[in-house]
Amino acid sequence: MEDPAPRSGSSSFVWLVGASQVVGLASVVLTGVWMGHYRGGFAWDGSAQEFNLHPLCMVLGLVFLQGDGFVAVFDFHRTAKIPDMYSLHSWCGMATIILFCIQWVMGLVFFLFPVASAWLRAAYLPVHVFCGLVLLVMAIGSSLLGITEKLLFSIMPTYSEFVSEGVLANTLGILLICFGVLLGFLITREEYRRPPNPEEEALSVHFKTLTEGGSPNSP
């Protein structure tokens with residue numbers, strides 16, 4: 001069998017992936033600088049420094065990897081006698097965490113363990129892909145809300161004067177948006193998708209059959 005022809009856009013794909021990783025790492029570094037330099041560093045003792053772990057872990061975790069940010073912020077709130085779950089940021093963040101957990105469990109059930117039938121996996125696959133993109137948008141949106149909330153709580157009187165902390169945090173927000181735009185572009189471009197393996201091709205055939213109104217077992 002002949003090797004498949006080189007896929008178009010492979011060079012730009014490498015550059016776009018590299019750019020997304022650079023922007024993502026820059027976002028993590030800026031968050032660390034903001035919390036470490038301007039907000040007094042990090043700790044795990046119920047102080048404001050423990051809260052500083054929350055934005056760092058959430059940017060590193062939900063936007064770039066996964067982390068312990070929720071534990072830090074709830075522990076800080078409990079020590080500082082601050083109410084939980086009253087802001088739009090906290091609501092969006094909790095919704096993101098819940099959707100992530102659901103997405104993770106459903107991915108295990110449908111694709112890792114042989115629980116669902118082939119036609120059911122084929123029907124769920126587009127939903128799973130869509131929810132992954134929604135999670136990226138929700139994670140970045142929650143981070144942007146958190147950045148604004150933290151700035152208003154911390155430097156409200158001087159925020160409008162373009163102080164260095166505010167400029168750094170705003171730059172972080174722009175980087176997170178750029179990170180999401182780059183990933184969204186890569187995810188939605190057909191030429192940048194990896195070739196499907198045989199099982200995924202079978203799921204694609206099943207899904208096409210279902211959407212055309214036929215039987216999954218029909219030729």
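Just so you know, residue 1 is the first one in the sequence shown, and it goes up from there.
Side-chain atoms of T158 never come within 3.5 Å of backbone atoms of E161 as a donor-acceptor pair (strictly under, hydrogens ignored). Side chain of N52 to backbone of F42: no donor-acceptor contact under 3.5 angstrom is found.
Among residues two or more places apart in sequence or in another chain, the side-chain hydrogen bond (donor to acceptor under 3.5 Å, both in side chains) test is passed with H77 by D84. With sequence neighbours left out, the side-chain hydrogen bond (donor to acceptor under 3.5 Å, both in side chains) criterion links S164 to Y38. For F153, the side chain to side chain contact (heavy atoms under 4.5 Å, CB included) partners two or more places apart in sequence, or in a different chain, are Y86, E149. By the ring pair (Phe, Tyr, Trp, His ring centres under 6.0 Å) test, H37 pairs with no residue at all, sequence neighbours left out.
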Could you check M94 against I98 for side chain to side chain contact (heavy atoms under 4.5 Å, CB included), going step by step and ending with a plain yes or no? CA-CA 6 Å; M94 183 62 74; I98 292 173; 3.9 Å; yes

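To the nearest 0.5 angstrom, F76 atom CZ is 4.0 Å from I82 atom CD1. Distance OG/S20 to CH2/W15: 13.0 Å, rounded to 0.5 Å. In this structure, the separation between CZ on F110 and CG on L125 is 10.5 Å, given to the nearest 0.5 Å.
Sorted by first and then second residue, the salt bridge (charged side-chain N to carboxylate O under 4.0 Å, His left out) pairs involving residues 166-178 (not counting sequence neighbours) form an empty list. Within the structure, the salt bridge (charged side-chain N to carboxylate O under 4.0 Å, His left out) test picks out the following pairs touching residues 24-48 (sequence neighbours left out): R39-E165.
Within the hydrophobic cluster formed by Ile, Leu, Val, Met, Phe, Trp and Tyr side chains joined at under 4.5 Å, directly or through other members, L88 is accompanied by L145.
Using a 4.5 Å cut-off between side-chain heavy atoms of Ile, Leu, Val, Met, Phe, Trp and Tyr, with links allowed through other members, I97 and W104 fall into the same hydrophobic cluster. In the hydrophobic clustering of ILVMFWY residues, with side-chain heavy atoms under 4.5 Å counting as a link, M156 and M35 come out together. Clustering ILVMFWY residues whenever any of their side-chain heavy atoms sit less than 4.5 angstrom apart, transitively, puts L120 in the very cluster that holds I102.
Between W91 and M85, the shortest heavy-atom contact is NE1-O, 2.9 Å. G93 and S142 get closest at one heavy-atom pair: N-OG, 3.4 Å.
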Expected list for residues 166-186: side-chain donor-acceptor pairs under 3.5 angstrom, two or more places apart:
{"from": "N170", "atom 1": "OD1", "to": "Y159", "atom 2": "OH", "distance (Å)": "2.8"}
{"from": "N170", "atom 1": "ND2", "to": "G166", "atom 2": "O", "distance (Å)": "3.4"}
{"from": "T171", "atom 1": "OG1", "to": "V167", "atom 2": "O", "distance (Å)": "2.7"}

Scan the side chains in residues 127-140 for donor-acceptor partners under 3.5 Å anywhere in the protein, sequence neighbours excluded, and list what turns up.
{"from": "H128", "atom 1": "ND1", "to": "Q103", "atom 2": "OE1", "distance (Å)": "3.4"}
{"from": "H128", "atom 1": "ND1", "to": "Y124", "atom 2": "OH", "distance (Å)": "3.3"}

